[in-house]
Structure formats: structure tokens, C-alpha cells
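All residue numbers in this chain count up from 1 along the given sequence. When a ligand or atom number is given, it counts from 1 through the structure's own listing order.
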Amino acid sequence: MSPRLGGSARPPVAAGCDRKPPGPVAHLSLARPDDWHVHLRDGAILAAVLPDTARRFARAIVMPNLDPPVRTVAEALAYRARILAALPAHARFEPLMTLYLTEATPVAEIARAHASGVIHAVKYYPAGATTNAAFGVRDLTRCYPVLAAMERHDLPLLLHGEVTDPAVDVFDREAVFLERHLAPLLRAFPGLRIVLEHITTRAAAQFVSEGPDTLAATITAHHVLLDRNALFEGGLRPHHYCRPLLKRADHRAALIAAATGGSPKFFLGTDSAPHLRHAKESDCGCAGIYTAHAALELYAEVFEQARALDRLEAFASINGADFYGLPRNEDRITLVREPWRVPPTIPAGRGVLVPLRAGEAIAWRLAG
Ligand code: NCD
Ligand code: ZN
């Protein structure tokens, strides 16, 4: 099951030789990965983005923040059916459904979710923190009976880990969440599996590393590729705007160390979050970066730069499955080190998406 790094056998080039032969074509074979946090949306956008995710990943944890959100088992089953219907012919992809936690979620819904066999987690959004979070939770302690039921049924809780307190600087909201909400949560529910989603800070990486085995975290490609300078590179860059926000370079370095460090507590979750161009390029633009078009390839760049390509498979294909208690994927995929240019836009419904790296090159491409 270990990744196989290969290259075409070419004789070494003598130093001083001015004729540059084509470099060796490295390839990387790994167990098919899963995406443990993705936004697939619905309708025409779902149809446009789903092939990108299904081509790379065997499974994905599908976020429930539709408008209105997916709050019941019945709604999750209906959404799952729409996803399966939108899959390209012959695609083998399993959507892992989630419920959107509200202060009105009935305790009995948790037993139903567990019994459904297709709902794998419940998602906490602090009210107003991000896209379609208006139905989110204001006071998490009001959900404690539901969390107790999740603990009993071993249904993981996924956290958008930011406070919404306007007195807290927007770049500090994740760090404050750790002490204000996550620490008490871990004390109150020692048996509840918790994923701190899309972590962005050194504090969060450290908190998860030092936390109990019930606590893990997902890391996005954009948070290991970019720091907050990318929001202002040559002007205001709405396509680099996501929640939680990109942070300083030292936080990015801590996330790279966590992702490539070999700990089973960290795994791939793209948080690919498509919004049509007009909704991003607006006086009040939506948060979310579209990365599903090149998700694994983008991570490969980061792991290569960190000289940790041999650890990509554990991060992308093993740690998440183990944490969720799901079987590891048996088929394999291959990445080839061959640059390709990302299209400037991707058609979606009546508009276009502007993907990450639009019009620019990515070093790795997916074979086949
Ligand atoms: C997500 C979205 O657009 O649904 N946006 C984002 O910036 N990540 C919501 C979320 O995951 O916070
Ligand atoms: Zn998300």
C-alpha cells in the first residue's frame, strides 16, 4: 500500500552540458484518495463540479450548507440521490452525507442518521460564520443533548472552528475558538469523535496534535499553498477569499509541517467551495475557493516542495478512512509530473467558476 515514486531511467547529465535533455517524468502511484470536506452544491453547479471530485476521489464528505441546509435524514437521502443522478456514466464515487446541526435538531434525528448507513457526520456552523450559515448554532451548549446522542452512536462532529464574536479580530477567530469552545467540548464529550475542519493556524495544528485520539483535522490545499499576502497580490483578489481566511506565512508553514509530518490526525479535506464569478467579484463577495479541478495535484506540489511525496498517500488516502472507521480504498491512481495549464474559467450553470490557479500552470497532472 505504500506510494510508488518512479521516474524514467535516463543517464545522468554531465555538468556543464549546455544541451538540456527532457527531464525524467516522475510519476506517483497511490491508493485512491478521499476528500473529507467538499461543497458540491446542487442543480446546475452540482452537475458542473461533481465530475472533478468524482474523477479523483473515491468518496467525499459532502457539506450540508445548501440553501436551505440539509437538516434531516430525509433531506440528506434526497440530496444523496441528486448527487448520484448527477454522476457521469461509469463513475464510481460514493458521497458520504452529513447533517447540518441547528439548535432545533431533534435528538431522535441522530439515531435515524446512524441507522441510515449513509450519513457519516454532523456539521456545526457557528451562526453567520460563512456561506449559508444563517441557520447555524448560536449557543453550542443548547446542542449538548444532540452531541450526547452522537457520542452514543459514534457519529462524528465536524466543526467550522471559528468564533463569530465581532469583538474578536477576524484573523484570530480560529485560535479563540480552540479555548472558548473546543476545549470544553472535549471535556464534556470524551468519546465523541471530532474533526476540526480546514485548520489555518499554528495554534490549531498544535491543539490537534496534542489532543486526544478522538480529535483530528482536515487541511485544505489553498491553506498550504497560499498565505494572506495572496489576498492582496497586485490588488484585491476575491478568488483567494475563503473562510477561515488565509493566514500569515508562519501559520502556513505549520500547516505544511502538520500535513507532511506523518501524524494520522491530519488528512485531506479540500473545502472546495464553488461560487459563480459574479458572486465572488462583487461589493460583498462570497467566501470559498474552487479547487476540485486539481485538488490532488495541488497537494502534490506542496508535498514535493516539502520533500515529503512519500507521505502524500497517508494524508490523502489512509488517515481519513481510518479516522472515520471506513475501509481504505483498494484501487490506485497515478499522478505524473507534467505541467498543465488550468483554464481561466470553468462553465457552471449560467455562469463560470474561476478555479484556483486560473490561467496558470500546475506541476502535476492526473494520469488517465
Ligand atoms: C464555504 C462555502 O462557500 O460553502 N466557504 C468557504 O469559504 N470555505 C463555507 C465554509 O466551509 O465555510
Ligand atoms: Zn467548507
Can you name the N/O/S atom of His39 that is nearest the Zn ion (ligand 2)?
-> NE2
Just checking, Arg228 and Phe171: is the charged tip under 6.0 Å from the six-membered ring centre and within 45° of the axis?
-> yes
Sidechain N-carboxylate O distance under 4.0 Å for Glu94, Arg80 | no
Could you list which atoms of ligand 1 come closer than 4.0 Å to a heavy atom of His160?
-> 12 (O)
min-distance protein heavy atom vs atom 7 (O) of ligand 1 -> Arg243 N, 2.8 Å
What N/O/S atom of His37 gets nearest to the Zn ion (ligand 2)?
-> NE2
Got the closest protein heavy atom to atom 12 (O) of ligand 1, with its distance?
-> Thr130 OG1, 2.8 Å
Hey, can you tell me if Tyr144 and Phe189 have their rings parallel, tilted or perpendicular (30° and 60° cut-offs)?
-> perpendicular
Of the side chain and backbone of His275, name the one, both, or neither that has a heavy atom under 4.0 Å from an atom of ligand 1.
-> side chain
Which residue and heavy atom of the protein sit nearest atom 8 (N) of ligand 1, plus the separation = Asp271 OD2, 2.7 Å
Protein heavy-atom partner closest to atom 11 (O) of ligand 1 - residue, atom, separation in Å = His39 NE2, 3.0 Å
Proximal ligand 1 atoms for Gly288, defined as those under 4.0 Å from one of its heavy atoms = 5 (N), 6 (C), 7 (O)
If the plane angle is over 60° it's perpendicular, under 30° parallel, otherwise tilted; pick one for Trp340 and His293.
-> perpendicular
With the Zn ion (ligand 2) as the reference point, give the N/O/S atom of Asp271 that is nearest.
-> OD1
Geometric class of the His160/Tyr125 ring pair [parallel <30°, tilted 30-60°, perpendicular >60°] = tilted
Can you sort out which atoms of ligand 1 are near Cys242, meaning under 4.0 Å from one of its heavy atoms?
-> 7 (O)
Start with the C-alpha distance between Thr214 and Arg193, add both sets of side-chain angles, then the distance that settles side-chain hydrogen bond (donor to acceptor under 3.5 Å, both in side chains), and finish with yes or no.
-> CA-CA 5 Å; Thr214 50; Arg193 278 183 292 154; over 6 Å; no
Sole candidate of Thr218, Val208, Leu159 that passes side-chain contact (heavy atoms from CB on, under 4.5 Å) when paired with Val195 | Thr218
Which residue holds the protein heavy atom closest to atom 5 (N) of ligand 1, what is that atom called, and what is the gap in Å?
-> Ala287 O, 3.1 Å
Ring-face cation of Arg71 near Phe135 (centre distance under 6.0 Å, axis angle within 45°) = yes
Do you know the tightest heavy-atom contact between His251 and Thr200?
-> CB-O, 3.5 Å
With distance as the sole criterion, is a donor-acceptor pair present between the side chains of Tyr324 and Asp34 under 3.5 Å?
-> no
Could you establish whether Arg41 and ligand 1 come within less than 4.0 Å of each other, counting only heavy atoms on the residue side?
-> yes
Give the atoms of ligand 1, by number and element, whose distance to some non-hydrogen atom of Asn65 is under 4.0 Å.
-> 2 (C), 4 (O), 9 (C)
In ligand 1, the atoms that come under 4.0 Å of a heavy atom of Ala273 are 1 (C), 2 (C), 3 (O), 5 (N)
